[in-house]
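Since the structure comes first, as structure tokens, the remarks are kept for the end.
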Amino acid sequence: MKSELQKTLDLEEVAFSHIPVLSQEVITGLAIRPGGNYLDLTVGGGGHSRLILEVAEDVKITAVDQDTDALTAAQQNLAEFGERVNFIHSNFANYAFPANTYDGILADLGVSSYHLDQPERGFSFRNAANLDMRMNQQQSLTAADVINDWDEKELADIFFKYGEERLSRRIARRIVEKRPFQTTTELADAIAYSVPPKYRHGRIHPATRVFQALRIVVNDELKVLETLIEKAPLALVPGGRMVIISFHSLEDRLVKHGLRNSPMLKVLTKKPIIAGEEEISQNVRSRSAKLRIAERVLEV
Ligand SMILES: C[S@@+](CC[C@H](N)C(=O)[O-])C[C@H]1O[C@@H](n2cnc3c(N)ncnc32)[C@H](O)[C@@H]1O
């Protein structure tokens, strides 16, 4: 059986859609109300924020993203809403969550279509590009630093842990023998030649899992998610909702346990909400999306 992570990884192979995932479920989950104050921690191209702004009158949004390109795109997309949207460039883990402020908080995790559509950002091996993978261009650590400087054991460990790559040791050994690497395609080719032919010609490119692992490490994705779940509930008003959409099993596990263990939250989704056949047929990214909802309790 294919793991959730693997399903996500397959998306490398396809053109990305700009349609916000599980949009109706996000609106219902946040219980948007007129005059409400919402926090979109991953505004991306502004798809979900636009829906929130349209669904009820006088709604206000604080829109956060760590990627300046995404913020520029969102500013253009949401220009007509003027001062109802306040844009903030920040990693959501560093956002100064103001206490008792928001009626709803949304996080739609991971990279956006903008990242994958721009070869120069180095997230994909479909085109030759520098090994970058930073969502925040101001950060110094890049995928090239990890691949060229980390020792063999560290590489094998991250490929196994964050990529669920069972040939992690073999691939790490090959990388260390052949490095330095400069581009995404050089690295992907080296990985392809380090695995048995059967694996090389499988359904997904043999570099897919390693690229996923690198992306998680470069952007410290699991750590920042933990911080978000720890800090964000305080920023909700009592009865306010938190909606998180994750795209692979490592993230979803953190979300599930984090929401359940927060003394400030009551979980409203026993099982994660997933996309239906129709949405999946229109938006392939929704295929691996899992949405969980929690509500701030009245008294802690
Ligand atoms: C999947 S996209 C969001 C798409 C958006 N919901 C829409 O409908 O257009 C995820 C966005 O979150 C941003 N992001 C990911 N991790 C982040 C973090 N730790 N802090 C701030 N932004 C982050 C990415 O830069 C990306 O633009």
Side-chain angles (χ1 to χ4, degrees), residues 8 11-12 16-27 29-30 32 38-55 61-79 81 85 87-97 104-118 121-123 132-139 141 212 215-232 235 242-248 250-252 254-255 258 275 279 282-291:
T8 313
L11 303 184
E12 266 283 350
F16 260 70
S17 157
H18 292 260
I19 312 166
V21 299
L22 295 168
S23 50
Q24 199 45 53
E25 292 81 356
V26 166
I27 298 300
L30 286 171
I32 309 288
Y38 297 89
L39 174 62
D40 183 349
L41 288 171
T42 52
V43 69
H48 284 116
S49 275
R50 164 171 281 278
L51 293 170
I52 296 169
L53 288 154
E54 282 173 348
V55 91
I61 293 200
T62 301
V64 176
D65 206 294
Q66 64 175 329
D67 178 5
T68 47
D69 289 352
L71 275 180
T72 304
Q75 270 163 339
Q76 280 167 8
N77 182 11
L78 305 175
F81 299 100
V85 194
F87 295 94
I88 295 179
H89 178 227
S90 173
N91 189 306
F92 53 59
N94 301 331
Y95 178 61
F97 290 90
I105 298 178
L106 170 67
D108 172 21
L109 301 168
V111 288
S112 68
S113 44
Y114 291 89
H115 292 133
L116 291 146
D117 289 348
Q118 290 176 335
R121 299 295 295 269
F123 285 102
D132 188 328
M133 299 198 192
R134 293 168 300 168
M135 284 193 227
N136 174 1
Q137 301 97 324
Q138 273 86 52
Q139 167 185 313
L141 183 75
Q212 173 81 11
R215 201 198 88 191
I216 291 178
V217 167
V218 167
N219 298 289
D220 208 4
E221 291 180 34
L222 300 181
K223 181 85 181 301
V224 294
L225 177 57
E226 257 178 338
T227 307
L228 180 166
I229 298 170
E230 199 182 297
K231 287 182 169 179
M242 184 143 126
V243 170
I244 304 185
I245 307 173
S246 65
F247 291 87
H248 56 73
L250 299 171
E251 278 177 346
D252 183 55
L254 267 183
V255 175
E279 177 169 2
Q282 286 163 13
N283 182 3
V284 73
R285 184 171 174 263
S286 67
R287 185 167 50 155
S288 45
K290 288 195 169 155
L291 181 152

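Both counts, for ligands and for their atoms, begin at 1 and track the order of listing.
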Is there a donor-acceptor pair under 3.5 Å between the side chain of [X] and the backbone N or O of [Y]?
| X | Y | result |
| --- | --- | --- |
| Arg121 | Met135 | yes |
| Thr42 | Asp108 | yes |
| Glu279 | Leu22 | yes |
| Arg134 | Asn219 | no |

Which residue, His48, Lys290, Glu251, forms the side chain to side chain contact (heavy atoms under 4.5 Å, CB included) with Ile245?
His48
Test applied, side chain to side chain contact (heavy atoms under 4.5 Å, CB included); reference residue, Val85; option that passes from Asn77, Leu53, Ile52
Leu53
[X]: numbered ligand 1 atoms lying under 4.0 Å from its heavy atoms:
| X | answer |
| --- | --- |
| Pro20 | 8 (O) |
| Val43 | 5 (C), 7 (C), 9 (O) |
| Gly45 | 9 (O) |
| Val224 | 19 (N) |
| Asp67 | 25 (O) |
| Gly47 | 7 (C), 8 (O), 9 (O) |
| Ser90 | 20 (N), 21 (C) |

Does ligand 1 have a heavy atom under 4.0 Å from the side chain of [X], from its backbone, from both, or from neither?
| X | answer |
| --- | --- |
| Glu221 | neither |
| Asn91 | both |
| Ala74 | neither |
| Leu106 | neither |

From the candidates Asp40, Thr42, Asp65, the one that places a heavy atom nearest atom 24 (C) of ligand 1:
Asp65
Given Met135, Gln66, Arg285, which has its nearest heavy atom closest to atom 21 (C) of ligand 1?
Gln66
Is the shortest distance from a heavy atom of [X] to ligand 1 less than 4.0 Å?
| X | answer |
| --- | --- |
| Leu228 | no |
| Ala93 | no |
| Arg50 | no |

Heavy-atom pair of closest approach, residues [X] and [Y]:
| X | Y | value |
| --- | --- | --- |
| Tyr95 | Leu41 | CD2-CD2, 4.4 Å |
| Leu78 | Val43 | CD1-CG2, 4.4 Å |
| Val218 | Leu141 | CG1-O, 3.6 Å |
| Val21 | Ala289 | CG2-CB, 4.4 Å |

Ignoring angles and geometry beyond distance, decide whether [X] reaches within less than 3.5 Å of ligand 1 through its nitrogen or oxygen atoms.
| X | value |
| --- | --- |
| His48 | yes |
| Phe92 | yes |
| Ala70 | no |
| Leu109 | no |

With heavy-atom distances below 4.5 Å as the criterion, would you say the side chains of His248 and Ile216 are in contact?
yes
Distance col, row His115:NE2 vs Asp69:CG, nearest 0.5 angstrom, shows 7.0 Å
